[in-house]
Asker: 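Submitted below is the structure of interest, expressed as structure tokens.
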Protein chains: 2
Amino acid sequence: MLTMKTKYALKALALLASVEQSEPMLIAEIAEREGIPKKFLELILRELKQHGILDSRKGRGGGYLLRRRPEDINLASIMRILDGPLAPVPCLSQTAYRRCEGCEDERTCGIRLVLKDMHQSTLKILESTTLADVALKVREAAMGSKPVARYSI
Amino acid sequence: MLTMKTKYALKALALLASVEQSEPMLIAEIAEREGIPKKFLELILRELKQHGILDSRKGRGGGYLLRRRPEDINLASIMRILDGPLAPVPCLSQTAYRRCEGCEDERTCGIRLVLKDMHQSTLKILESTTLADVALKVREAAMGSKPVARYSI
DNA sequence: CCCTAGTCTATCGGCTAAGTAGACTACCGG
DNA sequence: CCGGTAGTCTACTTAGCCGATAGACTAGGG
């Protein structure tokens with residue numbers, strides 16, 4: 001299961017990716033629009049900033065904004081920042097390899113052999129999907145499920 | 001990350017799948033051969049029995065054995081028993097669907113749309129891989145990494 | 001009847017997830 | 001240069017789960 005932290009992060013980033021990128025958005029606004037506890041979101045956004053995903057400005061007219069273009073930020077990197085390694089077992093992690101304690105022979109470990117396939121396929125998806133893809137999918141889905149357009153009176 | 005519980009379960013089951021299926025194996029033996037705390041393994045095996053994966057016999061000559069053939073037991077079902085739903089978010093779970101709290105429109109949720117692809121690909125692998133596959137992979141890997149055969153003196 | 005081996009309930013320490021509190025620092029406008 | 005705005009940081013708290021252990025109980029075999 002994804003942690004709340006990562007879920008909130010993805011929601012916030014998807015929001016930032018879907019709006020005008022030139023000007024910052026307030027923590028409070030993100031929190032309200034996505035239904036995230038403001039104080040908790042604060043921590044999350046700061047962490048993302050410290051890892052080079054976001055930028056921030058203080059004072060009036062401040063807030064958070066993406067540091068790079070949405071199409072240059074993939075989901076794997078975000079999840080790794082907040083939830084740590086993606087691998088199901090440490091001996092399969094690319095970013096934080098550790099030998100499983102008590103494992104005698106890594107090459108013939110059944111669990112490892114099977115999970116390797118699984119992990120590789122999820123990695124492939126998470127590393128190739130960007131915030132831009134997410135924003136696009138949302139727009140497409142919204143188009144498909146709504147009656148095309150709404151004309152004001 | 002996989003929990004220890006599931007890891008131990010997979011190891012134990014892979015072992016049972018790789019030996020003679022007609023006679024039971026002692027908890028103590030499984031524990032020792034796989035390096036699992038015996039008392040903890042007890043809980044795990046019992047849980048697997050209660051869910052129809054294993055059978056057991058008491059008294060002398062007793063122990064645990066697979067209830068079905070290794071090729072009829074897939075990894076997804078095992079993981080679900082011990083770790084609960086496999087889905088990264090409740091709204092994607094097949095076996096324990098729950099609406100994500102605070103999610104206004106499931107159809108246009110960006111997270112859901114992206115994770116759906118990922119989850120589907122892992123499900124496909126876990127549901128189609130059986131204990132027999134694991135045992136086979138282990139044998140193949142052992143063949144490949146060792147000098148073919150060992151002749152006794 | 002007794003040894004063997006699984007069954008069950010309870011408990012425990014430690015850790016992490018999720019969220020909260022409150023003080024502090026920096027920027028912008030006037 | 002002052003005051004409000006808005007992000008920054010440290011330190012809790014609270015609940016729940018993970019991993020493991022203890023000990024009493026039940027049932028089968030010989």
Side-chain angles (χ1 to χ4, degrees), chain A residues 1-12 16 23-67 79 81-85 88-90 96 100-102, chain B residues 1-12 16 23-32 34-67 79 81-85 88-90 100-102:
Chain A
M1 281 278 184
L2 226 54
T3 60
M4 279 293 135
K5 215 173 171 183
T6 301
K7 219 154 138 186
Y8 290 156
L10 291 176
K11 282 193 175 191
L16 288 174
E23 57 187 56
M25 187 180 284
L26 295 179
I27 295 181
E29 188 181 351
I30 302 175
E32 200 195 347
R33 285 176 60 167
E34 297 296 336
I36 305 172
K38 192 192 154 198
K39 265 303 195 179
F40 193 28
L41 180 60
E42 219 176 276
L43 292 182
I44 297 167
L45 297 182
R46 178 152 55 93
E47 210 166 339
L48 289 171
K49 178 189 175 177
Q50 286 165 346
H51 283 84
I53 305 292
L54 292 175
D55 239 335
S56 66
R57 294 199 198 127
K58 283 184 171 183
R60 171 166 269 152
Y64 274 96
L65 30 67
L66 296 178
R67 199 178 174 76
M79 292 183 175
I81 290 170
L82 296 156
D83 270 0
V89 280
C100 289
E101 40 188 316
Chain B
M1 281 279 184
L2 228 53
T3 59
M4 280 293 135
K5 217 172 171 183
T6 301
K7 221 155 137 184
Y8 289 156
L10 292 175
K11 282 192 174 191
L16 288 174
E23 57 187 57
M25 187 180 285
L26 295 180
I27 296 181
E29 188 182 350
I30 303 175
E32 200 196 346
E34 297 296 337
I36 305 172
K38 192 193 155 199
K39 265 302 195 181
F40 193 28
L41 180 59
E42 218 176 275
L43 292 181
I44 297 167
L45 296 183
R46 178 153 54 94
E47 211 167 338
L48 289 171
K49 178 189 174 178
Q50 286 165 347
H51 283 84
I53 305 291
L54 291 175
D55 240 336
S56 66
R57 296 202 195 125
K58 284 185 171 183
R60 173 166 269 153
Y64 275 96
L65 30 67
L66 296 178
R67 200 179 175 76
M79 292 184 176
I81 290 170
L82 297 156
D83 270 359
V89 279
C100 288
E101 40 188 316

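These numbers were taken from a predicted model, which means no experiment stands behind them.
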Asker: In whole angstrom, give the distance that lies between atom CG of Asp55(A) and atom C1' of dA26(C).
Answerer: 15 Å

Asker: Among Leu10(A), Leu2(A), Thr3(A), Ile44(A), which residue satisfies the side-chain contact (heavy atoms from CB on, under 4.5 Å) criterion with Leu82(A)?
Answerer: Ile44(A)

Asker: For DNA chain C, what residues of residues 37-48 of chain B have any heavy atom nearer than 4.0 Å?
Answerer: Lys39(B), Glu42(B), Arg46(B)

Asker: For Tyr64(A), which residues count as a ring pair (Phe, Tyr, Trp, His ring centres under 6.0 Å) partner, sequence neighbours excluded?
Answerer: none

Asker: Hey, are Glu32(B) and Lys38(B) close enough for a salt bridge, meaning a charged N less than 4.0 Å from a carboxylate O?
Answerer: no

Asker: Provide, to the nearest angstrom, the distance between the CE atom belonging to Met4(A) and the P atom belonging to dG19(C).
Answerer: 7 Å

Asker: dC15(C) P sits how many Å from Met1(B) CE, rounded?
Answerer: 17 Å

Asker: Atom NZ of Lys7(A) to atom C1' of dG19(C): distance rounded to whole Å?
Answerer: 15 Å

Asker: Measure from CG on Leu26(B) to P on dT4(C) and round the result to the nearest Å.
Answerer: 12 Å

Asker: Go nucleotide by nucleotide along DNA chain D from the 5' end; which of Lys5(B) and Ala28(A) gets its closest nucleotide reached first?
Answerer: Ala28(A)

Asker: Looking at side-chain heavy atoms only, is the closest gap between Leu65(B) and Leu16(B) below 4.5 Å?
Answerer: no

Asker: Could you check whether Gln50(B) gets within reach of a base, just the sugar-phosphate, or nothing at all, counting any heavy atom under 4.0 Å?
Answerer: sugar-phosphate

Asker: Taking the side chain as C-beta and beyond, is there a heavy-atom pair between Lys7(A) and Val89(B) under 4.5 Å?
Answerer: yes

Asker: In Å and rounded to the nearest 0.5 Å, what is the CG to CZ distance from Leu41(B) to Arg46(B)?
Answerer: 12.0 Å

Asker: Compare all side-chain heavy atoms of Pro24(B) with those of Ser56(B) and state whether any distance is below 4.5 angstrom.
Answerer: no

Asker: Quick check for you: name the first and last nucleotides of DNA chain D, 5' to 3', having an atom under 4.0 Å from a heavy atom of chain A.
Answerer: dT5(D) to dT10(D)

Asker: Would you say Glu101(A) has more than 12 foreign heavy atoms packed within less than 6.0 Å of its CD?
Answerer: no

Asker: Under 4.5 Å between any side-chain heavy atoms of Arg67(B) and Asp55(B), yes or no?
Answerer: yes

Asker: Using atom CD of Glu29(B) as one end and atom P of dT4(C) as the other, report the distance to the nearest whole Å.
Answerer: 16 Å

Asker: Please state whether the phosphate of dA18(C), meaning OP1 or OP2, lies under 4.0 angstrom from any side-chain nitrogen or oxygen of Tyr8(A).
Answerer: no

